[in-house]
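Take a look at the structure below.
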Amino acid sequence: MSHYQVVKGARDIFPDEMVQWKYVEEVVSRLAVTYGFSEIRTPVFEYTELFQRSIGASTDIVGKEMFSFQPDPGGRSITLRPEMTAGVMRAVLQKNLLAASPVQKLYYISELFRKERPQAGRQRQFSQFGAELLGASSPAAVAEVIIFMMHVFESLGLKGLRLRINTLGNRDDRQKYREALRAYLAPSFDRLDEASRERFEKNPLRILDSKNPEMQDIVAGAPKLRDYLSSDAVDDFEKVLAYLSGRGIDFQIDHLLVRGLDYYSYTAFEVTSSELGAQDALGGGGRYDSLALELGSPSEVPAAGFAVGMERLLIAMQKQGLFQQQAPEGPSVFVVVQQPEHFDRAFEIAGKLRRSGISTVIDLARRSMKAQLREANRMHAASALFVGGDELASGLYALKNLVSSSQETFSLDGVVTFLQQQTPVNGNLR
RNA sequence: GUGAUUGUAGCUCAGUUGGUUAGAGCGCCAGGUUGUGGCCCUGGAGGUCGGGGGUUCGAGUCCCCUCAUUCACCCCA
């Protein structure tokens, strides 16, 4: 066992699993294009203030889960991004992309970092794919984002998902409601748990979605946000729901759904999977019109987006056996060296095959023939090309199909021609 | 940050109330088959028993510390 091991909360992805990642990433990218989203990549770190400003200084993420450090003595603190939205918004505002084109549709597949205690479906380094739709305030914008997300799940074949959705109203609605909620909770303040007491001042809405059963009892009789919504917010929400229904998407309205990032307004949503343990949120998002303003934009930028946890998605898919077809692809041919003294000639032949676009493996460890063929089986090579004294003398090579065990003899050019015909168009030839 | 859980071969795991040289299956390597894989047979390599300290004539086994793992709280994707 090595003296060194992966950092707590991080993990290696080996080739067997990598195949699954590639598959999911391809589906995401393909559908993103279908919905008109373009890919963006932003740096893994940003100035710390960006996250304090956007996610909210009172949130747990900013309060205790960020990897922050100071690269230059006395310089500004920077932070490994704990989420993507802030960085994307920062990039769009900095480049003034909305001036070039007022609606921006961007997607990403990126790594995030949060200093939490690792657990099933929760790591310190993790990946999300997500999308941000900036510059459009219509309910259709939020709906499109949700539909895109659900379409990805559908294409991947995921079952057992639950989409919960709520509207948080506009800023005024929430302000009025916040006051009402505080007034209701104030007499019960002594019964609140520690976290809820803290939220009482900073963000009382978050008390609503506490998992603590005692909090839930207290909250049960609280005034409802829906009674404080402006007609504007109600209309917007109903329109969003209508779009979802129109697309045949099942959802549950959950008036207690609040979500932990401060920048949400109007629609907020979350998807959970029954396949995951305690960390069952597969994805979530919502509308965040005020974020641009927080980041110094002169005006509000209507915006909606979502993020999905890649690791959780993979876990759910693995549990549902959705990766049966994603076996690692083997090489077209394994060059078997019959006597060690012929290795150099065989190596040249392998090179020729590779220049012809044929994926080729040759045993570099100079093992026995039996071992070479075992290796060829192990990596699912399609065929074996035998190279020995007889072949080099005659120029005729035996090519064995490792699946059917049939064997044919070709000249070297004949081998190339034959294998090129065998190679699938979208397979090993790239 | 809190509470539990588990650390023995590459992997999955045995290992009795503390008692010789720590085992099995799978995998790996080689041979049986001197130029043809999968099945079978035979053999081999591979272990600081997570690490440190203690108790003991003797510790994989008991005690303490520590590191790591996993799960849950919390939070979130």
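From a predicted model like this one, the values you see are computed outputs, not experimental measurements. Below, read A as the first sequence line, B as the second, and so on, with proteins coming before strands; counting in each chain starts at 1. Just so it is clear, the values below take in all heavy atoms, side chains as well, and ignore hydrogens, waters and symmetry mates.
Rounded to the nearest 0.5 Å, atoms CD (A:Q372) and CZ (A:F386) are 9.0 Å apart. To the nearest 0.5 Å, the span separating CD on A:Q52 from OG on A:S54 amounts to 9.5 Å.
Nearest-nucleotide positions on RNA chain B place A:R117 closer to the 5' end than the other of A:R117 and A:A281. The nearest heavy atom of RNA chain B to A:E375 and to A:Q123 marks one nucleotide each, and the one closer to the 5' end goes with A:E375.
Other residues, nucleotides and ligands contribute only 12 or fewer heavy atoms inside 6.0 Å of the CZ atom of A:R53.
With hydrogens and angles ignored, no donor-acceptor pair under 3.5 angstrom links the side chain of A:E83 to the base of B:rC76. In the interface, the side chain of A:S405 is paired with the base of B:rG38 through a donor and an acceptor atom under 3.5 Å apart. Put simply, the side chain of A:K370 and the base of B:rG32 share a donor and an acceptor less than 3.5 Å apart. Judged by atom type and distance alone, A:K400 reaches the base of B:rG37 through a side-chain donor-acceptor pair under 3.5 Å.
What separates CG of A:D280 from P of B:rA72 is a distance of 10 Å, to the nearest Å.
When the C1' atom is used for both B:rA24 and B:rA14, the distance is 7 Å, rounded to whole Å. If you take atom P in B:rA22 and the same atom in B:rC39, they sit 32 Å apart, rounded to whole Å. To the nearest whole angstrom, the two C1' atoms, one in B:rU70 and one in B:rG7, are 11 Å apart. Of the P atoms belonging to B:rU69 and B:rG54, the separation is 27 Å, rounded to the nearest Å. Across the P atoms, B:rG37 and B:rG25 are found 25 Å apart, a figure rounded to whole Å. Taking the P atom of each, B:rU6 and B:rG50 are spaced 14 Å apart, rounded to whole Å.
At the phosphate of B:rC75, OP1 or OP2 sits under 4.0 Å from a side-chain N or O atom of A:R199. The side chain of A:R122 places no N or O atom within less than 4.0 Å of a non-bridging phosphate oxygen (OP1 or OP2) of B:rC73. Residue A:Q119 has a polar side-chain atom (N or O) positioned under 4.0 Å from OP1 or OP2 of B:rA72. For A:R374 and B:rA30, the shortest distance from a side-chain N or O to OP1 or OP2 is below 4.0 Å. Remark: A:R378 is in phosphate contact with B:rC29, judged by side-chain N or O atoms under 4.0 Å from OP1 or OP2. A sub-4.0 Å separation between OP1 or OP2 of B:rC29 and a side-chain N or O of A:R367 is present.
Contact annotation for A:A307: backbone-only contact, meaning every heavy-atom pair under 4.0 Å involves sugar-phosphate atoms and none involves a base. Residue contacts for A:L402: at a heavy-atom cut-off of 4.0 Å it reaches a base atom on one of the strands shown.
No close placement of the A:Y107 and A:F37 rings is indicated, their centers lying 6.0 Å or farther apart.
When atom types are taken as modelled, the side chain of A:R287 and the backbone of A:P302 share no donor-acceptor pair closer than 3.5 angstrom.
Residue A:N377 places its side chain closer to B:rG38 than to any other of B:rC75, B:rG38, B:rU36.
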Yes or no on ring pair (Phe, Tyr, Trp, His ring centres under 6.0 Å) for A:F306 and A:F148, after CA distance, side-chain angles and deciding distance? CA-CA 10 Å; A:F306 73 84; A:F148 169 32; 5.7 Å; yes
